[in-house]
Amino acid sequence: VNAEMLKKYQVKKFSATLQVDENGHVQTLALADGFDMPKKMVTPVTAALKNAFFAPAVKDGQCVAGTFEYKFEATP
């Protein structure tokens with residue numbers, strides 16, 4: 001998710017909880033209340049996060065599923 005592009009489309013702030021599988025793929029995403037972006041941007045922002053790759057959690061040297069808290073706040 002590109003911060004400059006988000007600012008261009010007036011996305012100012014959001015946070016999301018992502019469930020990421022052991023391969024780094026997002027399985028579920030929950031956008032938290034209190035986001036500050038135009039309604040028309042909610043779908044593209046959530047789609048971009050769902051399609052992003054995240055480094056999976058590691059436990060005992062093995063990749064495992066985990067939870068990732070993603071927070072974005074535009075700087076002035």
Side-chain angles (χ1 to χ4, degrees):
V1 179
N2 182 299
E4 290 303 316
M5 188 65 74
L6 290 173
K7 287 170 58 174
K8 177 180 174 183
Y9 288 101
Q10 300 176 345
V11 176
K12 296 177 183 167
K13 179 176 84 168
F14 68 90
S15 60
T17 302
L18 298 87
Q19 297 298 320
V20 179
D21 69 16
E22 65 277 359
N23 296 311
H25 302 283
V26 176
Q27 298 301 303
T28 63
L29 180 146
L31 191 63
D33 292 336
F35 58 83
D36 187 0
M37 72 176 93
K39 287 185 181 184
K40 68 180 182 179
M41 292 305 298
V42 172
T43 298
V45 166
T46 55
L49 287 171
K50 285 180 182 177
N51 290 318
F53 175 80
F54 291 85
V58 176
K59 182 177 181 181
D60 298 325
Q62 300 294 318
C63 294
V64 296
T67 302
F68 186 83
E69 298 292 330
Y70 189 96
K71 297 183 188 294
F72 173 82
E73 189 162 352
T75 55

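Atom CD of Q10 and atom CE of M41 lie 9.5 Å apart (nearest 0.5 Å). A distance of 15.0 Å separates CD in E73 from CZ in F35, rounded to the nearest 0.5 Å.
You'll find the side chain of D36 stays beyond 4.5 Å of the side chain of F14, heavy atoms only.
Each of V64 and V58 belongs to its own hydrophobic cluster when Ile, Leu, Val, Met, Phe, Trp and Tyr are linked at side-chain heavy-atom distances under 4.5 angstrom. Both V42 and M5 are assigned to one and the same hydrophobic cluster, defined by single-linkage of ILVMFWY side chains at heavy-atom distances under 4.5 Å.
The two residues F72 and V11 make their nearest non-hydrogen contact at CE2-O, 3.5 Å. When all heavy atoms of A57 and A65 are compared, the pair lying nearest together is CB-O, 4.3 Å.
Annotation: side-chain contact (heavy atoms from CB on, under 4.5 Å) contacts of A30 (sequence neighbours excluded): none.
The side-chain hydrogen bond (donor to acceptor under 3.5 Å, both in side chains) contacts involving residues 16-25 comprise T17-E69, Q19-T67, D21-Q27, where partners must be two or more places apart or lie in separate chains. Listed by first and then second residue, the side-chain hydrogen bond (donor to acceptor under 3.5 Å, both in side chains) pairs that reach into residues 38-64 come to none, sequence neighbours excluded.
Remark: of the listed residues L29, L49, L31, V26, L49 is the sole one forming a side chain to side chain contact (heavy atoms under 4.5 Å, CB included) with Y70.
Atom NZ of K7 is surrounded by more than 12 heavy atoms from other residues, nucleotides or ligands within 6.0 Å.
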